[in-house]
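Below you'll find the structure, written out as structure tokens, and then a few comments.
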There are 2 protein chains.
Amino acid sequence: MTVYKKEYRELQQIKLAVDCIIFGFNDNKLELLLIHRGFEPQMGKWSLIGGFVGENEDLDKAANRVLYKLSGLEDIYMEQVKAFGKADRDSSGQVVSITYSAMILKSEYNEEQVSKYNAKWFPIDELPELVFDHKDMVESAIRRLRRRVRNFPIAFNLLPAKFTLPQLQMLYEGILNEPIDKRNFRRKVLQMKYLIRLEEKDMSESRKGAYFYRFDKALYKLEQNFNL
Amino acid sequence: MTVYKKEYRELQQIKLAVDCIIFGFNDNKLELLLIHRGFEPQMGKWSLIGGFVGENEDLDKAANRVLYKLSGLEDIYMEQVKAFGKADRDSSGQVVSITYSAMILKSEYNEEQVSKYNAKWFPIDELPELVFDHKDMVESAIRRLRRRVRNFPIAFNLLPAKFTLPQLQMLYEGILNEPIDKRNFRRKVLQMKYLIRLEEKDMSESRKGAYFYRFDKALYKLEQNFNL
DNA sequence: ACAAAAGTGTTTATCATACACCCATGC
DNA sequence: GCATGGGTGTATGATAAACACTTTTGT
């Protein structure tokens with residue numbers, strides 16, 4: 001924390017921010033929510049959803065507050081990714097930013113807020129030019145996401161409560177950006193007992209129809225081993 | 001980064017620090033370098049090696065500067081672990097701290113500096129009471145270390161350039177805190193072609209003597225797959 | 001009857017694990 | 001010759017990867 005008492009007194013000019021990397025899923029592709037920056041510096045470029053940490057505000061709370069302000073979403077699975085702290089990363093001064101990553105179900109997202117804040121979804125392989133080092137932030141978040149989605153049941157945050165296995169597989173293929181063998185995928189998914197098949201079928205995607213499943217959080221909590 | 005221009009102007013009272021979690025290895029156990037805190041608050045407890053980030057100083061550079069100041073070591077493998085940002089984590093005010101973790105070879109460590117800074121090595125299962133949330137910091141760094149030591153050749157930072165396989169195995173057993181089968185360990189280690197056996201033997205630990213090996217960084221860079 | 005997506009098993013290779021004895025040397 | 005730590009191989013089970021056909025139903 002600190003070594004010399006005198007350092008404790010020095011006032012830093014460093015500002016502390018959080019940036020939220022919000023993933024959604026659409027058209028079999030991962031998407032990212034960005035905001036059109038309406039002020040200098042770098043006016044006109046696109047930016048992650050971010051803001052400064054408040055006085056006496058927990059870092060995690062700050063990230064959630066910012067996310068809530070700009071999306072209306074609460075209780076979203078959100079994790080710290082990394083601190084970005086190059087002294088010259090923000091041309092307006094020394095700003096250290098901690099990134100947080102969230103995955104949200106787009107259909108629960110309040111579309112009013114999107115336009116209100118000049119926000120827009122972009123497929124992750126068609127991102128516009130981003131301010132400062134936000135491109136690095138996104139890349140590190142995607143790498144982390146691809147690692148974590150194999151070991152934790154976080155992908156279900158991008159799906160409705162009831163979903164089909166083809167949907168789930170397409171989601172994984174979209175996140176990992178690689179094709180997956182259908183039979184192997186289904187076997188692995190169903191071997192873990194966390195997916196409960198419902199009676200109902202989704203008839204909208206095929207004539208045969210695909211069974212709906214739900215993810216049972218309680219069962220997962222018992223074992224907590226997840227691997228895809 | 002930022003959403004409202006006005007926020008840009010507000011002066012935060014938040015201070016930004018780095019804390020270094022420095023691991024060494026001794027007597028088949030992981031050790032941690034701590035500093036005796038000689039000032040309030042929490043005078044008398046032990047603390048990680050930390051300090052505030054300087055004006056116009058990169059975060060990584062700040063960590064390295066702090067580490068250098070307190071240990072004399074340069075060019076140490078050091079990685080960002082996590083940001084700690086509970087508003088009340090430091091009783092002297094709002095201080096957000098980014099932790100960095102380094103592993104050093106104790107025999108290269110300047111012993112003069114240790115006493116000069118009231119620093120001391122502690123086995124990780126016999127840590128004294130630490131200030132603030134430093135215990136959480138250490139725990140998260142150890143978890144990360146145990147994860148990474150299996151997938152990256154970072155353990156060699158804790159050994160001299162020439163080392164024996166029994167030494168390496170004891171190091172892994174110490175870090176992971178579990179026994180490892182000798183034959184399986186050696187097979188896996190030698191299957192990756194990064195370890196070069198030297199002619200020389202270490203005769204100090206046994207009558208038969210154990211071959212010295214060295215880790216070939218260049219070979220590792222070619223493939224970069226590592227798994228133990 | 002055919003198109004379109006859903007669903008289903010087996011084989012093979014690879015990797016992880018468990019396990020016990022001989023070797024080289026100094027005393 | 002014996003005590004001490006160093007070094008070696010094999011068999012078994014588990015996991016991952018490749019692969020093709022049948023089912024259902026709306027038109």
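Residue numbers begin at 1 in each chain, while the letters A, B, ... track the order of the sequences. We use all heavy atoms of the structure for the numbers below, so side chains are in, but hydrogens, waters and symmetry mates are not.
Of the N and O atoms on the side chains of B:Tyr172 and B:Asn177, not one donor lies less than 3.5 Å from an acceptor on the other residue. Side-chain atoms of B:Arg187 and B:Asn184 form a donor-acceptor pair, as typed in the model, at a separation below 3.5 Å. There is a side-chain donor-acceptor pair under 3.5 Å between B:Asp60 and B:Tyr100.
Remark: the A:Lys208 side chain and the C:dA6 base include a donor-acceptor N/O pair separated by less than 3.5 Å. For A:Arg187 and D:dT15, a side-chain-to-base donor-acceptor distance below 3.5 Å is absent, hydrogens and geometry of angles not being considered. In the interface, the side chain of B:Arg183 is paired with the base of C:dA20 through a donor and an acceptor atom under 3.5 Å apart. For A:Arg186 against C:dA6, no side-chain N or O and base N or O form a donor-acceptor pair under 3.5 Å.
If one axis is set at each end of the helix from C:dA1-D:dT27 to C:dC27-D:dG1 from five pairs, those axes are 20° apart, to 10°.
For the pair B:Asp125 and B:Lys29, the salt-bridge criterion is met [side-chain N within less than 4.0 Å of a carboxylate O]. Salt bridge annotation for A:Glu223-A:Lys193: absent, with no cationic side-chain nitrogen under 4.0 angstrom from a carboxylate oxygen.
In terms of position on DNA chain C, the residue among B:Asp181 and B:Asn227 whose nearest nucleotide sits closer to the 5' end is B:Asn227. For the pair A:Lys182 and A:Arg207, both in contact range of DNA chain C, the more 5′-proximal nearest nucleotide belongs to A:Arg207. A residue-by-residue look at A:Met203 and A:Asn184 shows that A:Asn184 has its nearest nucleotide of DNA chain D further toward the 5' end.
The side-chain heavy atoms of A:Phe84 and A:Ser140, taken from C-beta on, include a pair separated by under 4.5 Å.
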